[in-house]
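Quick note: residue numbers are just sequence positions, from 1. Only a predicted model underlies this, so the values are computations on that prediction, with no experimental measurement involved. Counting convention: from 1, in listed order, for ligands and their atoms alike.
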Amino acid sequence: MGVPRIPLSAPVLAGREREYLVRCIDDGWVASGGPFVGEFERGFAEAIGAPTAVSTSSGTAALHVALLAMGIGPGDEVIVPALTFVATANPVRVAGATPVLADVDPVTYTLTADAVEPLIGPRTRAIVPVHLFGHPADMTPLLALAERHGLVVIEDATEALGSYYRGTPCGMLGDVGCFSFNGNKVITAGAGGMLVARDPERLEHMRFLTLQARDPGHREYLHSEVGFNYALSNLHAALGLAQLERLGELVAGRRAVAARYAAAFADLEGARFCTEADWAETNFWLQSILVPEDVREPLMDHLEAHGVQARPFFHPLHRLAPYRDAAPAPLPVTEGLHARGVCIPSSADLAAADQEKIVALIAERLAFAG
Ligand SMILES: *Cc1c(COP(=O)(O)O)cnc(C)c1O
């Protein structure tokens, strides 16, 4: 199997990526601590209206240090949605805490306050809403609930750079926001992540943890805590900065793709294209349709046979070996969405002709209303 002719979500490297990468080599600065790292962090902070941002080697690393810096560890429970990438829950485990899985909303596919509330107990310390596929979770009720129970809110905004909740950028709503720049996200750094936080001291503690927790200002290697090598390299930051410069265009590209799908699928019987809640502005990072259960597999086969990459929604976490015991209650919405969901090509530069082909292939497996 080669590379699919029409991938699900491909990077668009059409800006100053090459120029910046060459500059790293010319300057001899490829590793962490280089000039692009600071520039990328400042540019990122500005892009989402944060005072500062701290880069990390991945989104997973960002989630891990966010949890640690917020004091979450053994004995603590952290509520995460069951419908998400496994990297939302894994750092909770790695931090020594216990993930508790909650169901999601059938329209936005994200965590709801109604699903979270009954799961809150004496050990609950944090909620990690995920802005799945780029669509914001309904944060106002979640934040109110967290406030009432004294819980930390860590946004998994890894998919949601460029998305807004009631006018506020995703990642800026909770105590901490975590982003990812892996290869298929809205912008890529090859690999990488970013942290923003309400409390600047906590954010600086996160930075400290990403730098092996080395105490600054000493010749000796002194470490007052256990830290990690989670820093971003200058090479990655160079790529990330070039991508960030074109964030607006890249989001606009995905939104245009979504508008074309929405129009094309409007009359498709038995299928539903992903939507945008009226309080949301989504980056439409990954776009999807819900189809009848018995159509899901044949549809993905059909698309892949024609060189179109398609994939199911993330597997419900409670059906994965490490998280089999993590759901205290049934998760019917997560299961129903997983049984019916298919992610379809959503790249910012998806050509109109390719998109027409995708729509036609999907229509061959579903019926248009007469
Ligand atoms: C991509 C992603 C992550 C992890 O980010 P990496 O940079 O790949 O480590 C975490 N959570 C979700 C929901 C993601 O989509």
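Listed by first and then second residue, the side-chain hydrogen bond (donor to acceptor under 3.5 Å, both in side chains) pairs that reach into residues 218-228 are His205-Glu225, Asp215-Ser224, sequence neighbours excluded.
In the hydrophobic clustering, where aliphatic and aromatic side chains (Ile, Leu, Val, Met, Phe, Trp, Tyr) are joined below 4.5 Å either directly or transitively, Val153 groups with Ile79, Val100, Leu111, Val116, Leu119, Ile120, Ile127, Met139, Leu142, Leu143, Leu145, Leu151, Tyr165, Leu173, Trp279.
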At less than 3.5 Å, what protein N or O atoms come close to the N or O atoms of ligand 1? Include the distances to 0.1 Å.
{"unit_1": "ligand 1", "atom_1": "5 (O)", "unit_2": "Ser180", "atom_2": "OG", "d": "3.3"}
{"unit_1": "ligand 1", "atom_1": "7 (O)", "unit_2": "Gly59", "atom_2": "N", "d": "2.7"}
{"unit_1": "ligand 1", "atom_1": "7 (O)", "unit_2": "Ser180", "atom_2": "OG", "d": "2.6"}
{"unit_1": "ligand 1", "atom_1": "8 (O)", "unit_2": "Asn182", "atom_2": "ND2", "d": "3.0"}
{"unit_1": "ligand 1", "atom_1": "9 (O)", "unit_2": "Gly59", "atom_2": "N", "d": "3.3"}
{"unit_1": "ligand 1", "atom_1": "9 (O)", "unit_2": "Thr60", "atom_2": "N", "d": "2.9"}
{"unit_1": "ligand 1", "atom_1": "9 (O)", "unit_2": "Thr60", "atom_2": "OG1", "d": "2.5"}
{"unit_1": "ligand 1", "atom_1": "11 (N)", "unit_2": "Asp156", "atom_2": "OD2", "d": "2.9"}
{"unit_1": "ligand 1", "atom_1": "11 (N)", "unit_2": "Thr158", "atom_2": "OG1", "d": "3.2"}
{"unit_1": "ligand 1", "atom_1": "15 (O)", "unit_2": "Glu159", "atom_2": "OE2", "d": "2.4"}
{"unit_1": "ligand 1", "atom_1": "15 (O)", "unit_2": "Lys185", "atom_2": "NZ", "d": "3.2"}

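Judged as a ring-ring contact (aromatic ring centres under 6.0 Å, His included), and not counting sequence neighbours, Tyr164 has no contacts.
Aromatic ring pairs are classed by plane angle as parallel below 30°, tilted from 30° to 60° and perpendicular above 60°; the pair Phe273 and Phe265 is tilted. Below 30°, between 30° and 60°, or above 60°: for Phe133 and Trp285 the angle between ring planes is between 30° and 60°, a tilted geometry.
Residues Glu17 and Gln243 bring a donor and an acceptor atom of their side chains to less than 3.5 Å of each other.
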